[in-house]
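Model, not experiment: these values are computed from the prediction. Letters go in sequence order (proteins before strands), and every chain restarts at 1.
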Amino acid sequence: MPKSDSNPAIRIDELRRQLDDANYRYYVLDDPTIPDAEYDRLLRELDELESVHPELVTPDSPTQRVGATPSGAFSEVRHAIPMLSLGNAFSDEEIVDFERRIEQKLGRKRPKFSVEPKLDGLAISLRYEDGRFVRGATRGDGATGEDVTANLRTIKAIPLQLRGEGWPEVLEVRGEVYMPLADFRRYNEHALEHGGKVLANPRNGAAGSLRQLDPRITAKRPLAFYAYAVGEVEGGDLPDTHSQTLKQLREWGFPVSVESAVVAGADGLLGYYREVGKKRDKLPFDIDGVVYKLDDYEGQREMGFVSRAPRWAIAHKFPAQEQMTVVESIEVNVGRTGAVTPWVLMQPVQVGGVTVTRATLHNADQVARLDVRNGDTVIVRRAGDVIPEVVRVVPERRPAGTKPWSMPGLCPVCGSELVREEGEAVWRCSGELTCAAQRKEAIGHFASRRAMDIEGLGERLIEILSDSDSIRNVADLYRLTLDDLLTAKALLDSDSAEGFVELLGKSASQLTYQDEVVSDFSPTAWESLAEWNQRLPSGYAAKWNRAKVATKWAENLVEAIDRSRTTTLERFLYALGIQHVGESTAKALAGWFGDIELIRHLPWPLFKRVPDVGGEVARSIGHFLDQPGNQQVIDDLLERGVTITDTHPPSPKLRDGLTLATLLQDLEIPKVTKVRAEQLAAAFRGADALLDAPEHNYVTAGLPADSARGLAGWLEDEHHAKLLSDSAAALTRLLELTPAAAAAVQGPLDGQTVVLTGTLTGLSRDEAKAKLEALGAKVAGSVSKKTSFVVAGEAAGSKLDKAQELGVEIWDEARLLAFLAGHGV
DNA sequence: GATCCTCGAGTTCA
DNA sequence: CTCGAGGATC
């Protein structure tokens, strides 16, 4: 309690020192000396004194950790020295190689490394000027992060004022903000009891907390911090090894991982890896590996960097975590093309920090290979980065009396027969667009970002609109009314809540907030339930408010749909969802033909004029266009205001291939090869002459008997004859429409194939792709020896490795940007 | 006919 | 990201 007789300034100083010491002992030395209650009492006393003497408040006072005002947004911070990412290693061999490279380059045996656990948190940078914390930022993309100073100030493990002495005028300390496991659990327990927001896992908890706009919220989250590196330094010196620097940081008041150590040589590294691996489960925080850094700074400078990652450090990751769980059921999903994909529903299990409940089994063959059955205990793993997969079944845990799983005979959604093409792995529902699942998926695809890009049209909404018959096909989207959407919205809002009521075995009116305690539904689900529950008794005002919100929502959606009406041919073709026509093929078709009115009436063989389109794809497009229902949908779309803005004449490059000879090849007539097609084209003036000629005339034209027979036999089918004459007519019309080849504009990257990998910082992947294409390059998705060069952004993965393996040229982002700038893009 | 490249399609979770 | 299969090439 404040004592009126003592000098308040002196008492305030004393309290601050006591509190700082307590913090230091608690967070840095891990050796608390005063009980929490005592700490709180001192803090309260300080707070009261300061409120009586506001002139004595300083920004580094322990009471000033929580700023009062939420900010509108985070401003950007440019890192003076980029915050790099580390290369990853998963195997012992990679570590041995890493160490050997350093030995060779430095000409030193068994170099020393500073080693420490790699925390699974959020990398941040802290800037101190004259020993005072002035700014903190997230790592962001490495070059630029977000200013989260106000939030970082609330973390007690971060000193507001450096201790000791001898610190540089400007010191930037880097480290990881994380949430200790015990605190994370305690926080969630509390949140569940008091209806707060439950955090998904410690990592996301830490990341989400730092992104709070209101620091008062961040202050309530149990965040901690470990320093692991130094960034910018001005006006002062640091020791010349990393381990000494860490020690120095500790003296200045930063927590440094107690597990950090110094080891020598590859064997030292691997020994440390195993040691930490054993302790992993007992550590008070999540780690995903260990980090090795060459200890002396001079060696580090000598080693330098490879495209954005230091050559003197590496992260040795622990293997993807595997977990055991139980299969609750094996379900199937019906995709846009009717593909029926089996997947497992499992009892929730934590794998690598997230809760996994489902995993795909890809296809029936995979299920048979694994022999997964209902009730089986299985091992799940998060493959690569994210996607859960079933590794194997644990046979000794299989319950008695199970039978192997088999694909159902009928589509679970529409009851049509499931069929499998000869030699194909997938089973498909034969219901096509009569199948509700396929219709929904088709609409979802149409609305997706890379297709028509209708924002806000989610899966569940499509389901509701589709089930209520408001939309039967994609064209119906363009005559949805506000009323349709409002009706759907009501269902959308209620269905989550209805489900809970049922589960709890209560009627809606019996529900109270108390019910939250008895169950463990997700926080968002509880939120919507609570909201929905509130509206029941409260009557008019609440309903009115909800109606307003819903109307605004519906208006926004109508506007989004309206915006999507203006589109490009490429997007339009892709959106139609023709089998085998993805983004790349849609783009090619758009580029070569240029006009939907032309394309929609083209016989299928003409599509083979487009590179990378062969018989299978061409037929698939033809099949789609042959169906009157599909033509009707195209009509309706255009009639309801869909406008293609980039209609243009066919590409001049088409001209070369528009001959009777190529057409005859493209028709895939039995026994008619390239040579025979050319002979026929030379002997007959046009398709009509060919159609009218008797078989022996083909022989006269120089064809061997079997080819002549093949052609004649093929033409006996009147569909074939019609296809030939239609195609020939289309060919003639195309020729008329196609402008003569203009002088080809030479792009600097003509004929080159480029692959992008990793995260680019200066521009988005799509932008980079567009710019490279503008210079004539082809941007491909995977690396091969034909690749001209690979642009490796940050955290580049397997594609970069592949490129190195094949000796393909690698550009970093800077080089790409310089090149693009040099060519005016 | 074999082989190598690409593209398409399906997928999970926050 | 990964798998499967279509297309191009030799």
Is [X] close enough to [N] that one of its side-chain N or O atoms is under 4.0 Å from OP1 or OP2 there?
X	N	answer
A/Arg336	B/dA9	yes
A/Thr585	B/dG8	yes
A/Lys778	B/dC5	no
A/Thr360	B/dG10	no

Figure out the [atom1]/[atom2] separation between [X] and [N], and round it to whole Å.
X	N	atom1	atom2	answer
A/Asp612	B/dC4	CG	C1'	13 Å
A/Gln752	B/dT6	CD	P	13 Å
A/Arg369	C/dT2	CZ	P	15 Å

For [X], report the nucleic acid contact type (base, sugar-phosphate, nothing); a contact means any heavy atom under 4.0 Å.
X	value
A/Ser620	nothing
A/Gly615	sugar-phosphate
A/Val426	nothing
A/Lys587	nothing

Going by atom types alone, do A/Glu570 and A/Thr568 pair a side-chain donor with an acceptor below 3.5 Å?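 No.
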Would A/Leu410 and A/Leu418 count as a side chain to side chain contact (heavy atoms under 4.5 Å, CB included) here? Give the steps. CA-CA 5 Å; A/Leu410 302 176; A/Leu418 298 187; 5.7 Å; no
Where do A/Val610 and A/Phe593 land on the side chain to side chain contact (heavy atoms under 4.5 Å, CB included) test, with the steps shown first? CA-CA 9 Å; A/Val610 176; A/Phe593 296 116; 3.5 Å; yes
